[in-house]
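First up is the structure itself, then whatever we jot down about it.
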Amino acid sequence: MPELEKVEGEDPKTGRATSTWMVNSADGQVAFRQWASDHGVTDFSGPTVRAAGRVVLHRTKGKLQFADIRDWTGDIQLFIGRQQIGEENWELLNQVDLGDIIGVDGELRLTKVGELSIFATKIHFLTKSIEQPPEKFHGLNDPELRQRMRYLDLTYGDGVLPRFLNRTKIVHSIRSTLAAQGFVEIEGPTLHTIAGGAAARPFITHHNTLDMKLYMRIALELHLKRLMVGGMERVYELGRVYRNEGISPKHNPEFTMIEVYQAFGDYRTMMDLTEQMILNAIEALGGEYQLPWGDGQIDFTPPFARRTYNDLFAEHAGVDPLDAAAVKSLAEQIGFDTAGKHPDVIKNEVFEEKVEDALVGPVFVIDYPASICPLTKRKQDNPEVAERFELFIQGMEIANAYTELNDPDLQEELFSSQLAGLSEEDSMAKMDHDFIRALRHGMPPAGGLGVGIDRLVMLLTNSQTIRDVILFPLMREGQ
RNA sequence: GAGGGUGUAGCUCAGUCGGUAGAGCAACGGACUUUUAAUCCGUAGGUCUUGGGUUCAAGUCCCAACACCCUCACCA
């Protein structure tokens with residue numbers, strides 16, 4: 001590093017690059033390949049290019065060196081001859097280590113063995129990497145280091161950068177799908193006075209000036225519904241929510257969720273929207289409906305199956321879901337404690353145990369027991385059934401949607417009646433008088449949808465752990 | 001929170017029965033103008049996660065702590 005400063009005009013601490021050509025860009029290799037096929041690969045006179053990237057491989061051959069540089073579009077080989085770049089530049093080149101970022105001017109050509117390369121005329125030292133990079137062949141393997149030093153994982157990990165760029169494409173596609181249907185994106189508060197809209201333990205914090213207890217939001221629901229009251233007829237928020245729960249391959253304490261509300265819609269319109277959002281996201285990634293998943297595949301070919309909660313219950317649990325006594329005895333047979341619990345709570349415990357893992361999907365599970373859905377409108381002809389669906393894929397809950405309850409009196413009643421067998425933490429029913437007041441001013445009938453973005457990205461990028469789709473998952477403080 | 005696993009050089013990993021700490025890559029020095037993770041010769045690099053204990057002797061056995069991974073529970 002200190003020696004570098006002896007080289008005139010090249011200070012790696014202040015290196016600058018302008019107008020660099022992307023290694024794998026449309027106007028780069030693609031154009032060159034076209035050019036090469038037009039002229040025949042034996043024509044060795046190529047276009048002049050300028051590129052910049054990190055040195056990831058380096059082979060020396062006396063007065064000749066090969067270096068592979070990498071930018072976020074890909075890798076390309078540099079062919080660097082001592083004569084071709086001159087003595088002074090050659091001296092500079094010999095200061096370059098793996099991990100450094102260099103620029104190059106040269107001619108794009110094929111080597112004798114047909115490798116597309118930049119035949120350098122000038123090397124520019126742009127940035128010195130003082131730390132040593134990971135091993136060039138095995139890369140960074142330790143999962144702890146890959147998460148703590150994500151910058152190294154992104155540069156050197158196979159498929160890591162494309163996976164996170166695909167996450168961005170998926171999110172962008174979702175926004176496009178919604179924009180095309182007239183939905184507007186808003187930004188609600190993340191600090192809540194009541195942690196409502198879902199059943200989860202919140203992170204608790206405090207505002208000093210107001211001397212007020214605050215909760216990090218666990219859901220987006222109740223503020224978006226307030227906006228529906230205010231006349232924002234198609235509205236959504238895509239953002240982070242926080243739940244003070246365990247960490248697992250499917251759970252991170254902060255995760256990304258989208259909630260969408262459509263006035264004059266219902267859970268069926270949300271089902272169509274959900275399917276469209278996912279299919280468009282798949283389209284954005286290349287449009288293949290059969291996506292790899294571990295050793296198998298997921299078949300996203302539309303339309304996704306739509307099955308009622310009760311049908312699936314009967315099929316997988318082997319018990320009539322309407323026969324509360326039979327359901328209870330099955331629950332006890334499994335080993336659940338049923339004492340003092342509401343029949344629907346028991347039924348749902350059995351559902352989660354017997355049915356959810358079997359839902360390879362994609363499958364929309366529709367029509368849930370009303371009593372476990374305090375924010376959902378009941379079916380007109382059957383108040384025991386709520387107009388709710390959940391989308392399951394590979395046993396994971398990906399989406400959850402309702403025909404939204406907009407009756408303030410019923411909402412108030414459901415907020416205040418805790419279902420037997422559910423602790424306050426387990427219940428979505430948390431009294432929110434301010435929200436009830438909003439409903440009293442009239443919320444249009446509506447469909448509402450929530451989608452776990454991280455899990456959707458997992459499924460579309462063949463990632464078995466949520467940490468592979470979150471850039472900086474929560475970890476304990478390192479040294 | 002419970003159970004199991006892992007922790008050795010910058011990175012990827014060996015380390016047998018408890019007996020002086022190893023390799024490859026990277027780094028450094030040298031040779032080589034068409035190479036493809038791996039050319040050849042040489043040099044340097046370690047508080048074996050941390051703290052105790054057993055032992056003549058501990059990377060190795062025991063205990064505890066810390067971090068990460070897996071399974072389960074909670075949750076999406």
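Chain naming here is simple, since letters A, B, ... match the order of the sequence lines and numbering starts at 1 in each. Not measured: the values here are computed from a predicted model.
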Does a nitrogen or oxygen in the side chain of A/N141 sit under 4.0 Å from OP1 or OP2 of B/C13?
yes
Provide the Watson-Crick or G-U wobble partner of B/A2, both distances under 3.5 Å; none if there is no partner.
B/U71
Would you say A/R268 has more than 12 foreign heavy atoms packed within less than 6.0 Å of its CZ?
no
Answer for the Watson-Crick or wobble partner of B/U39, both distances under 3.5 Å, is B/A31
Checking all strands, does A/G450 fall into the base, sugar-phosphate, or nothing category for heavy-atom contacts under 4.0 angstrom?
nothing
Protein-nucleic acid N or O pairs under 3.5 Å, nucleotides 71-73 of chain B:
none

Salt-bridge test for A/E88 and A/K122: reply yes if a basic N is under 4.0 Å from a carboxylate O, no otherwise.
no
Below 4.0 angstrom from OP1 or OP2 of B/C69, is there any side-chain N or O of A/R467?
yes
Taking ring-ring contact (aromatic ring centres under 6.0 Å, His included) as the definition, give me every residue that meets it alongside A/F435, ordered by chain and number, with sequence neighbours left out.
none
Nucleotide N/O of nucleotides 2-5 of chain B paired with protein N/O under 3.5 Å:
none

Using side-chain contact (heavy atoms from CB on, under 4.5 Å) as the criterion, list what pairs up with A/L279, not counting sequence neighbours.
A/E275, A/Y289, A/P302, A/F304
Does B/G59 have a Watson-Crick or wobble partner in any strand here, with both distances under 3.5 angstrom, and which is it?
none
In B/S/- notation (B base, S sugar-phosphate only, - none; protein heavy atoms under 4.0 Å), nucleotides 41-48 of chain B written 5' to 3' is --------
Which nucleotide, if any, forms a Watson-Crick or G-U wobble pair with B/C25, using both distances under 3.5 Å?
B/G10
Think A/R476 has a side-chain N or O under 4.0 angstrom from the OP1 or OP2 of B/C66?
no
Is it true that A/F351 and A/Y309 have ring centroids separated by less than 6.0 Å?
yes
Between the protein and nucleotides 29-39 of chain B, which nitrogen or oxygen pairs are less than 3.5 angstrom apart?
| from | atom 1 | to | atom 2 | distance (Å) |
| --- | --- | --- | --- | --- |
| B/C32 | N1 | A/G62 | N | 3.4 |
| B/C32 | N3 | A/G62 | N | 3.0 |
| B/C32 | N4 | A/T60 | OG1 | 3.4 |
| B/U33 | OP2 | A/K63 | N | 2.9 |
| B/U33 | O4 | A/Q83 | N | 3.3 |
| B/U33 | O4 | A/Q83 | OE1 | 3.4 |
| B/U34 | O2 | A/K112 | N | 3.1 |
| B/U35 | O2' | A/R59 | NE | 3.4 |
| B/U35 | O2 | A/R59 | NE | 2.7 |
| B/U35 | O2 | A/R59 | NH2 | 3.0 |
| B/U35 | O2 | A/Q77 | OE1 | 3.2 |
| B/U35 | N3 | A/Q77 | OE1 | 2.9 |
| B/U35 | N3 | A/Q77 | NE2 | 3.0 |
| B/U35 | O4 | A/Q77 | NE2 | 2.9 |
| B/U35 | O4 | A/T111 | OG1 | 2.9 |
| B/A37 | O2' | A/K136 | NZ | 3.2 |

So what's B/G18 paired with, Watson-Crick or G-U wobble, going by both distances under 3.5 Å?
none
From B/C68, B/A76, B/U12, nucleotide with atom closest to A/Q147 side chain:
B/C68
